[in-house]
4 protein chains.
Amino acid sequence: MTKHSYQGIIPPIVTPLNADGSINYGDLERLVEHLIVSGVDGIFALGSTGQVAYLTDADRVAIVKAVSKAAAGRVPVIAGAIDLTAARIAEGARALVAAGADAIVATAPVYTINDEAEVADHFRLIQAGIDVPLFAYDIPVRVHRKLSAKLLVELGKEGVIVGVKDSSGDDVGFRRLIAMNEAAGHPLALFTGHEVVVDAMALIGADGAVPGLANVDAGAYVRLWAAAQAGRIDEAIAEQDYLNRLFEIVFCSTGRSGDAAGVGAFKAAMAEVGLLSSATMTAPIKPLDGATIDKIRAIVKDVGLVKRAA
Amino acid sequence: MTKHSYQGIIPPIVTPLNADGSINYGDLERLVEHLIVSGVDGIFALGSTGQVAYLTDADRVAIVKAVSKAAAGRVPVIAGAIDLTAARIAEGARALVAAGADAIVATAPVYTINDEAEVADHFRLIQAGIDVPLFAYDIPVRVHRKLSAKLLVELGKEGVIVGVKDSSGDDVGFRRLIAMNEAAGHPLALFTGHEVVVDAMALIGADGAVPGLANVDAGAYVRLWAAAQAGRIDEAIAEQDYLNRLFEIVFCSTGRSGDAAGVGAFKAAMAEVGLLSSATMTAPIKPLDGATIDKIRAIVKDVGLVKRAA
Amino acid sequence: MTKHSYQGIIPPIVTPLNADGSINYGDLERLVEHLIVSGVDGIFALGSTGQVAYLTDADRVAIVKAVSKAAAGRVPVIAGAIDLTAARIAEGARALVAAGADAIVATAPVYTINDEAEVADHFRLIQAGIDVPLFAYDIPVRVHRKLSAKLLVELGKEGVIVGVKDSSGDDVGFRRLIAMNEAAGHPLALFTGHEVVVDAMALIGADGAVPGLANVDAGAYVRLWAAAQAGRIDEAIAEQDYLNRLFEIVFCSTGRSGDAAGVGAFKAAMAEVGLLSSATMTAPIKPLDGATIDKIRAIVKDVGLVKRAA
Amino acid sequence: MTKHSYQGIIPPIVTPLNADGSINYGDLERLVEHLIVSGVDGIFALGSTGQVAYLTDADRVAIVKAVSKAAAGRVPVIAGAIDLTAARIAEGARALVAAGADAIVATAPVYTINDEAEVADHFRLIQAGIDVPLFAYDIPVRVHRKLSAKLLVELGKEGVIVGVKDSSGDDVGFRRLIAMNEAAGHPLALFTGHEVVVDAMALIGADGAVPGLANVDAGAYVRLWAAAQAGRIDEAIAEQDYLNRLFEIVFCSTGRSGDAAGVGAFKAAMAEVGLLSSATMTAPIKPLDGATIDKIRAIVKDVGLVKRAA
């Protein structure tokens, strides 16, 4: 499988839980099926939306096994090997590959205090420790470091990474990354991680998107992407505007943490439309309260998101 | 073993490596012996100075086994279970306890985006998953969150944590933590992690210190602490001033990362005086260059640090 | 003059200096004329690109007088009243209005530590102290605070501000601001301050742009904007791609401060094509070095930027 | 007046306001008299505690005139010339010196994006523009930059600055600054700006303190300082412990900004004991609420702070 297989809409799948906090594999398999039927181009398991940081290694392996089995080779399965540093990440990644992951996603080191040369070597060490394609995940809000366009394109030209998930919220940087990647012969598949700007990023040359909100409405992202690729700009913008009204669900809770508000809203909306049995999040994240759920429900209804048949 | 056993000088031991990057257990055992003979009150294995974040779980277990065996019950061995979140930390911690750790040190979650209530539950989950005392490690420069005095004392009163290693560099916060802890009946043993202010922190009521520089000269810290406890202020300050001149080794390198400059300086000075066979750091951290080593050597000589007999 | 007059390309004009650091009013007047002839929709004097923070109140007044006289009512002149807090800003703003400014731009407070309610009152105090339209300038990299979409639209609905210059680099936030502004009846004219994404921001509904790079090539931004407004997307993107290649001038210097690298590059390129007599920056910012100037010159030549007739 | 005159307790005096927000010069004069009678070694007007950032240039001049007249040469009057950059600061500073300031305090630039060489030149430009001693004010929480010990001692050796007010909360940095200053022949008078660690800072070699809380109880700080200088450590620590219990007033408010909570608490306590007619703060800072005032009153009573005779 080469990097050329990676483009389009690749949702960072949530990790469905039962009310007791255990993983709901039935829901997970049904969700994978639903996403593939909706037309997505891949599944990104164990991302931030999947609450990967809260999961043990054993749970991570089990999740990738389930996703991979459900995907059954129809679309690639990318898995997040999120850990502190290279040796640990590579070890975890090998287990995920054994469980069925077609590619691995890794961030810069966390907890450590490194310079850019060390971060480059970090990615080289990870890549040397695995035998599937590696994506860099640029998410400063969690990792507290921005990966520079220069570093990423250099790693791309070396063959260390095959793509980037950009969740940096830095549109200037992403634009420059696109230009530098193009000038270098397009070694990297560039994905935006931001739900609300997929239309604009498609127009300026992104290779795809990894939108958490696609858990709630994958079809709309698939249509948005197809329209943008076909040059039907107004249609792409209209789908994006619809999705952005839906995205307001993540702003419904007050006084809750970032992890609770975002994943909590996705799960609550998914439960509302029948995509999940429970909106439970991983401990120690407590459920959203009833008033917030009511606001989310109102938005879901207001934008006209259709419930799935049971 | 109760929390009352934890006080005084508890060095965060470096992880000695061979030139090829493998762990040098011979050096490690000799270093433990040297520290205990120097009079330290405990050993903190797998701290930031021990480059814990770069080590796999298997290496961590092996290190704690070696330290614990070498310590042979003469002083407590505290081990850092540094990972992303509670479930992972508790799992890792249980392996470290099985390997001989008498107590566990954990930070707030990293990578995740939590509020204070979730951080409190994070520590509660860890404590519920282990059966030895738990210390909170407050190190915002790595974790990007400050643990509030209110949170720490509350966890102390609940019995969730028995102490704090404060590496926050926030002396105002530490002073307030000392006062609130005192008002609550001293549930917490409070350690400063800052090498250069141990005299002052001792005077105002700290229970101990976890100084990385004690790897280089443990004896001076032991004398400093004894002097401060006995009210011999001038003597404590004089030892501190000596140590602070020695601490300048960490400012010798230019253009290197924080992880390289600090641990690299400690290891280089230790190699210089015969406490380590090699100053090698964990990958991807490259060695300090020759000019920096020369500067470190000059400081070591200038302050009069005596070489150990081979 | 109402807010409806504010749209399109409004360059944040540089402050031309003589080699001795004094203001070059001849250059300033010629630059205003050049920009207006190039088709810009307004002039923003005393922005970050104009190095406003380094200028005394007397110099600021003299600059606005010169710009206003040169503009001669053909386009509106917006002036940045950049100071610590509301009382100081309003006082400075009144002097700028007396000097000819048609509208005022102000940021959130700097130096102080305020909550959102205080920031809202800050803008209300400024607006109450002036009798021309007020724009909010959202520039967290300088002010160390992000203005929320909720706050800005609320101030727009109240009539406190008539528009926003968004230099936050937060495309997700800007997209949400556009949507909330639209839902509120478009009380605000929304400008992006980021040079390299004007095409995308135009497509998703921005009312205009305030690109520092327009000092170097205003015509290209005017054409880009016209193409985007007319729905000629490919043409807009092509102009943007050209401008982004030109924008690489700001990445030419190494080891220089942000203020030196950015404004320095604009001024060097302007001097190269005959738009400025000198690339001198305000003290204490020293000139870019020769090697950097050479790199900038090469880019200017490479992209084909045409020199003005003398 | 030389730098040798600057040592000991120099309170950053609050700016007393009437209930309508105008400056209460009667209160200001009485407060200066009270502080001098209490034994302080100088008055620092127009600091953060004096809410300098919210004051116009005219008000700043009037305040320095009033303080200087009330001090009548008994202690030096230091004034904060807080503005964006050097040219503006020097201009403002000259007005303050004309109004009676004996020395000037300035921070690193705000709003701008500078490197360390530019910050050094910033202080050189200010010093060249005034003819009284200049102090550097290190307050990263407001300026978003830390002044390095190396930079400060270099400026001291050059004669650019005569001292430092350290409000960085970085005790490690302050300890290193003390050592480097000593090694350089003590060119700088070093003051801590942190209320709760004056005992410890005195013991390790600080030249003085600028504690906002001294507005509420100057006498205790004067006694603390005298005890520390005389080597009566226990007495110094006891005074500090008392003051730290009193300092808890700044933690009484919930949900208020940093500027409101701190200065608001000082002013409320001062009003409670008869040192101020009103706890009013500068706009847009609203008063603390009644519940918070009650908590502050309880602390003031609990620690036994004696009311002044009217």
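Using a 4.5 Å cut-off between heavy atoms, Arg176(B) contacts chain D through its side chain alone, with no backbone atom that close. Contacts of Leu203(D) with chain B are made by both backbone and side-chain atoms, with heavy-atom separations under 4.5 Å. For Glu195(D), no part sits under 4.5 Å from any heavy atom of chain B, backbone or side chain. Of the atoms belonging to Asp234(D), not a single heavy atom falls under 4.5 Å from chain B. For a residue to count as touching a neighbouring chain, one of its non-hydrogen atoms must lie under 4.5 Å from one of that chain's; by this rule Glu182(B) does not touch chain D.
Note that the CG atom of Asn244(B) and the CE atom of Met180(D) stand 12.5 Å from one another [nearest 0.5 Å].
Ranked by heavy-atom pairs shorter than 4.5 Å toward chain D, the options Val197(B), Ile233(B), Asp241(B), Ile237(B) are led by Val197(B).
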Worked verdict on Asp171(D) versus Arg175(B) for salt bridge (charged side-chain N to carboxylate O under 4.0 Å, His left out):
CA-CA 11 Å; Asp171(D) 59 348; Arg175(B) 186 63 172 261; over 6 Å; no
